[in-house]
Protein chains: 2
Amino acid sequence: MDIGNETGRAADNVVAMLEAKIVSGELEDQTPLPAERELMEQFGASRTVIREAISKLSSRGLIETKPRFRPIVRKPDYATVLHACGNVVQHLLTDKTGIKNLYDSRVFIERALVREAASSARKEDIVSLREALEENRKAIPDSNEFYRTDVAFHGVLYRIPRNPIFPAMHEGYTSWLAPQWDRMLRSPERNEVNYLAHKSILDAILERDPVAAEEALNNHLKAAWEFVRVTFDWGDE
Amino acid sequence: MDIGNETGRAADNVVAMLEAKIVSGELEDQTPLPAERELMEQFGASRTVIREAISKLSSRGLIETKPRFRPIVRKPDYATVLHACGNVVQHLLTDKTGIKNLYDSRVFIERALVREAASSARKEDIVSLREALEENRKAIPDSNEFYRTDVAFHGVLYRIPRNPIFPAMHEGYTSWLAPQWDRMLRSPERNEVNYLAHKSILDAILERDPVAAEEALNNHLKAAWEFVRVTFDWGDE
DNA sequence: TTGTAAAGTTTGGTCATACCAAAAGGCAAA
DNA sequence: TTTGCCTTTTGGTATGACCAAACTTTACAA
């Protein structure tokens, strides 16, 4: 059965067919695509359209392309979406306003997350949070390690709703936001402050107090932003 | 100053240069790109790489391409990001689980939004909400019109944080989620139910009662989901 | 036997050229 | 001014070629 009409671009048909083969598993995940010259025979199309199709699939995140290597098949997941958005998002982060908007949205989401955690975290979530916090504490002297455990702690919050969209959002936030500054202005003293902030968040969650949890998280992230803002002399809000 | 190194694909350089011309405004928003044969002269590249560059820019949302027409320049904004993600997201909505995840994330966000509205909506927000609700009420007999005002009412909620990311998310939700069913199972009776749900949400916001507002919204969206689920016989949760 | 270097083959990236059909633009007739 | 035809421009596609990098095989030496 053919995919669709014959109108429009020929490359779109190839895209659709390859798409189908990827989602159906006929083209296995993490395996290289056939050679371009083989695909053109397989689909009865010129290399021009095969290459265009490959380009489109790449930008849709269904395959990964390295400059001179065979494209690697990648079954779509939520992380793929974020990865695909990355290029576009980048344009919106060129000025302070864009970064602030993204950061504010993160604060907004995480406030809701900790509230959710405080009101309905399961036992295993609590365990994960405790473990993450402990890892966090132990890493205070090592800023690189602390950064990792810091991200991990917040990551636990994103996993509590059991909805894969949230961890994907977390990945987005950390990859688009953090590199801007997070790594460069760390010290054991700052780590200590952040650890204590995490601890107070967890404490509020343990108390099953959504209001306190939300406030603790809000304080934590607002303070972090304030620190960055002052350090980089970004002027008023 | 040149953009980057000479390694990798030649098309990437063209992409970068065109990108720069778009964000700088040298290529005006909403105007057509120069002809391909002109661009190849301008950049000293073959048509192959020009076309590849155009394809990449298109998938990044920086230009809009119709099959046989000149690409139209589009300055990147938050809506662009969503638009670019659309193609990828589509793959995650093929099964019930994907749709449910997206819907749940929407519920999660909107719960936080109405809470925010109840605790810190400004006067003009209240006015907008009242107006949107009134429009909603007047549209009860006309299902198509009701759909529009329904979306608009929720849209007001997304604009309250004054963060353009949220309206963009709203667009994403409505464009990815609604077409699945929203239009097909409407009736003046259902419209009435939904209108009343909106009204109770606004009432709670007017009372400055975040808990009630959140609960009202939760009931509203859960009921809507339940209705769809039963109608389509999607089995248990 | 095994590690490795050289030679040969495949394959992605790019270019030049050509053709077709649809869009755009110009021009004459109504 | 509007309508309809004709020419030019331009996007979509196909071929064929070439290069350099990646891959494979072969050959040789330890």
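Small disclaimer: the values here were computed from a predicted structure and weren't measured.
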Exercise. Hey, mind stepping through A/His198 and A/His220 against ring pair (Phe, Tyr, Trp, His ring centres under 6.0 Å) and telling me if it holds?
Worked result: CA-CA 8 Å; A/His198 292 167; A/His220 171 39; 4.7 Å; yes
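At a threshold of 4.5 Å between non-hydrogen side-chain atoms, the residues A/Leu93 and A/Gln90 do not count as touching.
Between the side chains of A/Ser59 and B/Arg60, no donor-acceptor pair of N or O atoms lies under 3.5 Å. Side chains of B/Glu110 and B/Tyr158: a donor on one and an acceptor on the other come within 3.5 Å.
Across the protein-nucleic acid pair, B/Ile72 atom CD1 and C/dA23 atom P stand 14 Å apart, rounded to whole Å. Remark: P of D/dT13 and CD1 of B/Ile54 are 13 Å apart, rounded to the nearest angstrom. With rounding to whole Å, A/Ile63 atom CD1 is found 11 Å from C/dG12 atom P. The CZ-P distance, from B/Arg70 to C/dA23, rounds to 14 Å in whole Å. If you take CD of A/Glu52 and C1' of C/dG12, they are 17 Å apart, rounded to a whole angstrom. At whole-Å resolution of the value, NZ in B/Lys56 and C1' in C/dG13 are 12 Å apart.
Of the candidate nucleotides C/dT14, D/dC23, D/dT13, D/dT13 has the atom nearest to the side chain of A/Val49. Among D/dG11, D/dT13, C/dT14, the nucleotide with an atom closest to any side-chain atom of B/Ser46 is C/dT14.
With hydrogens and angles left out, the side chain of B/Arg68 and the base of D/dG11 share a donor-acceptor pair within 3.5 Å. With hydrogens and angles left out, the side chain of A/Arg47 and the base of D/dG16 share no donor-acceptor pair within 3.5 Å.
DNA chain D is contacted by both A/Phe69 and A/Thr48; A/Thr48 maps to the nucleotide lying nearer its 5′ end (nearest heavy atom per residue).
Residue-level contact check: B/Arg51 touches the bases, meaning some heavy atom is under 4.0 Å from a base atom.
Closest approach of B/Arg159 and B/Pro167 over heavy atoms only: CG-CG, 3.9 Å.
At a non-hydrogen distance threshold of 4.0 Å, A/Ala35, A/Glu36, A/Arg37 from residues 26-44 of chain A come into contact with DNA chain C.
When the shell of 6.0 Å around CD of B/Glu41 is examined, it contains 12 or fewer heavy atoms from other residues, nucleotides or ligands.
Looking at B/Arg190 and B/Asp150, no side-chain N of the basic residue comes within less than 4.0 Å of a carboxylate O on the acidic one, giving no salt bridge.
Side-chain N/O atoms of B/Arg9 include none lying less than 4.0 angstrom from OP1 or OP2 on C/dT14.
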